[in-house]
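Notes to accompany the following structure.
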Number of protein chains: 2
Amino acid sequence: MRLVIARCTVDYSGRLDAHLPEAVRLIMVKADGTLAIHSDGNASKPLNWMVSPNVLETSDDRWVVSNKKGERLTITLHEIIQDVTHNLGDDPGLVKDGVEDHLQALLADKPWILEEGLTLIRREFPTDIGPVDLLCADANGVTVAVEVKRRGDIDGVEQLARYIERLDNDSRLAPVRGILTAQSIAPQAIVLAEARGIEAVEIDYDGLKEAEDTELRLFSIR
Amino acid sequence: MRLVIARCTVDYSGRLDAHLPEAVRLIMVKADGTLAIHSDGNASKPLNWMVSPNVLETSDDRWVVSNKKGERLTITLHEIIQDVTHNLGDDPGLVKDGVEDHLQALLADKPWILEEGLTLIRREFPTDIGPVDLLCADANGVTVAVEVKRRGDIDGVEQLARYIERLDNDSRLAPVRGILTAQSIAPQAIVLAEARGIEAVEIDYDGLKEAEDTELRLFSIR
DNA sequence: GACTCTATCTCGGTA
DNA sequence: TACCGAGGTAGAGTC
């Protein structure tokens with residue numbers, strides 16, 4: 001990683017046009033070529049950037065970064081205050097927990113947590129307006145579309161309602177019920193879900209994970 | 001701005017839980033307290049971060065950043081390789097061109113680009129669920145609600161459908177047609193728009209800008 | 001402060 | 001590769 005502190009002006013032309021007047025900024029160049037220009041205040045995001053893959057051409061006072069899509073970032077250097085390079089090496093990467101995907105995987109594995117007798121037909125069931133998180137069948141064989149969210153909001157209810165509308169057009173699936181499930185569901189979302197005939201089910205992710213671990217300890221050797 | 005290159009491990013607990021194993025990384029601390037941790041590759045985004053306002057407590061080998069919302073970032077420093085601080089000063093900020101607002105302004109000026117005979121009634125026409133980008137009348141005097149996006153997605157169709165539903169309640173405006181317009185429109189959005197009786201119109205912003213410039217050259221002295 | 005909407009969103013997944 | 005949805009979205013504007 002190369003870190004340059006410099007007084008510079010910047011022009012970007014690509015998905016939009018943007019210009020940065022002369023000021024002192026940090027220019028960060030990562031090992032893969034990703035370049036970012038940061039100011040000191042009022043934003044965690046860079047002012048300007050160009051992600052890898054790209055081509056960087058440098059002369060004494062001008063850097064030009066361009067990519068295949070025809071985007072171009074031009075940095076004019078007026079004064080270089082510091083210029084250091086460090087080899088950071090590979091990063092083992094981030095370990096995340098508690099996101100929607102884990103919830104979905106967990107519920108795909110054990111749909112009966114949501115409702116007794118519920119069985120999985122397919123995860124990410126495709127429709128022409130996007131995939132339904134989980135398509136299931138209830139104890140009576142009725143199709144159930146399940147939308148999994150980390151947090152249940154009005155958007156999630158709307159999204160599920162759209163899917164149900166689509167699925168109901170398929171005579172092999174109709175009629176279709178809906179369940180919105182999340183770790184916590186906003187009161188407004190519960191109201192809207194009721195109005196739409198959709199069930200809202202809060203689940204305890206941490207509790208489930210624990211149960212999962214217990215089960216693993218019971219049924220497998222680790 | 002303070003730049004620390006250090007071998008470190010990081011734990012974040014807040015909107016999710018995340019952990020970074022030991023590795024050499026860049027820790028960037030901006031003047032406003034915003035902190036970001038970058039690796040050297042494969043991402044323009046920081047691995048972990050905490051935006052201002054926050055509180056940073058530092059000891060020799062441990063930094064703890066926390067905020068009011070109960071989020072907490074813990075950095076354990078195993079080896080500090082470099083630690084520099086620069087005062088960058090205020091940044092004059094970014095000048096942009098080509099975003100949704102420009103499209104809207106352009107279409108407000110020349111609504112007939114979308115459909116022959118279309119005239120503007122009002123830009124940002126208020127409803128009780130938010131403003132309609134452009135309210136127009138077609139060649140037959142029928143009200144047309146126009147939603148302008150840089151990119152047309154399902155959300156935009158829903159948004160426009162909600163506005164139309166609202167406007168149709170106003171006997172002075174009903175019946176109301178809808179046009180979703182964007183530089184590019186997703187296939188799913190086109191499907192949903194058709195199902196909702198909404199037209200989807202792609203427009204060429206660059207071409208229009210050029211036409212604009214030509215027109216300016218023809219009709220004004222610059 | 002809470003809500004809404006845009007974004008050079010970024011990022012990961014899948015067809 | 002392109003498209004699509006999620007995000008600790010961030011950030012800006014409005015109420």
Side-chain angles (χ1 to χ4, degrees), chain A residues 10-19 34-37 42-52 54 65 67-73 93-94 96-104 123-124 126-133 147-151 153-156 159 162-163 186 188, chain B residues 11-18 34 36-37 42-52 54 65 67-73 93-94 96-104 124 126 128-131 133 147-151 153-156 158-159 162 182-191:
Chain A
V10 185
D11 284 280
Y12 166 77
S13 173
R15 280 171 280 185
L16 55 62
D17 295 297
H19 173 74
T34 297
L35 185 149
I37 299 160
N42 286 335
S44 68
K45 281 178 63 173
L47 295 163
N48 260 316
W49 68 93
M50 188 78 97
V51 297
S52 174
N54 61 38
V65 200
N67 70 11
K68 248 177 148 172
K69 284 181 275 183
E71 295 171 274
R72 171 185 292 260
L73 190 66
L94 194 64
K96 283 188 185 182
D97 186 22
V99 288
E100 182 190 315
D101 192 52
H102 293 219
L103 249 74
Q104 201 195 101
R123 197 173 158 181
E124 299 288 349
T127 75
D128 52 4
I129 57 167
V132 180
D133 286 344
E147 178 65 31
V148 183
K149 291 276 179 226
R150 200 170 51 80
R151 185 181 151 77
D153 281 309
I154 282 181
D155 280 359
Q159 193 179 349
R162 285 196 301 267
Y163 289 143
Q188 295 92 330
Chain B
D11 283 281
Y12 166 79
S13 174
R15 280 172 278 185
L16 56 62
D17 293 297
T34 296
I37 299 162
N42 286 332
S44 68
K45 275 178 67 173
L47 295 162
N48 258 315
W49 67 95
M50 190 78 101
V51 296
S52 172
N54 62 36
V65 201
N67 69 12
K68 247 177 150 174
K69 283 181 277 183
E71 295 172 273
R72 170 185 293 258
L73 190 67
L94 194 63
K96 290 187 184 185
D97 178 32
V99 289
E100 179 192 318
D101 193 47
H102 298 203
L103 248 76
Q104 198 195 107
E124 299 286 351
D128 51 5
I129 56 166
D133 285 345
E147 178 65 31
V148 183
K149 292 272 179 229
R150 203 172 51 80
R151 184 182 152 79
D153 281 308
I154 280 181
D155 282 359
E158 293 282 23
Q159 194 181 346
R162 285 197 298 268
Q183 285 179 84
S184 77
I185 301 180
Q188 288 83 348
I190 293 174
V191 169

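Below, chains carry the letters A, B, ... as their sequence lines are ordered, and counting in each starts from 1. When reading the values below, keep in mind they use all heavy atoms of this one structure, side chains included, and skip hydrogens, waters and symmetry mates.
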Item to complete: Round to the nearest Å and state the distance from L47(B) atom CG to dG12(C) atom C1'.
Response: 15 Å

Worksheet, complete the sentence: note: D17(B), atom CG; dG8(D), atom C1'; distance rounded to Å ~ 10 Å

Item to complete: Measure from CD1 on I129(A) to P on dA15(C) and round the result to the nearest Å.
Response: 17 Å

Could you pull out the protein-nucleic contacts involving nucleotides 10-13 of chain D (nitrogen or oxygen on both sides, under 3.5 Å)?
residue	atom	partner	partner atom	Å
dA10(D)	OP1	W49(B)	NE1	3.2
dA10(D)	OP2	R15(B)	NH1	3.4
dA10(D)	O3'	S44(A)	OG	3.4
dG11(D)	OP1	S44(A)	N	2.8
dG11(D)	OP1	S44(A)	OG	3.2
dG11(D)	OP1	K45(A)	N	2.8

Worksheet item: Can you check the K69(A) NZ to dT8(C) C1' distance for me, whole Å?
Response: 9 Å

Worksheet item: Can a side chain N or O of R150(B) be found less than 4.0 Å away from OP1 or OP2 on dC9(C)?
Response: yes

Fill in: Of L94(B) and E124(A), the one whose closest DNA chain C nucleotide lies more 5'
L94(B)

Worksheet entry | Separation of dC5(C) C1' from I154(B) CD1 (nearest whole Å) | 17 Å

Worksheet, complete the sentence: To the nearest angstrom, the CG-P distance between D153(B) and dC9(C) comes to 11 Å

Discussion item. Without decimals, in angstroms, what is the distance between D155(B) CG and dG7(D) P?
Written reply: 14 Å

Discussion item. Just the rounded figure in Å: distance from P of dT8(C) to CG of L16(A).
Written reply: 5 Å

Response to the item:
Considering only heavy side-chain atoms of M50(B), the closest of dT6(C), dG8(D), dG5(D) is dG8(D)

Worksheet item: Among dT6(C), dG5(D), dA6(D), which is the nearest nucleotide to the side chain of Q159(B)?
Response: dT6(C)

Worksheet item: Of the candidate nucleotides dG8(D), dT8(C), dT6(C), which contains the atom at the shortest distance from the side chain of E147(B)?
Response: dT6(C)

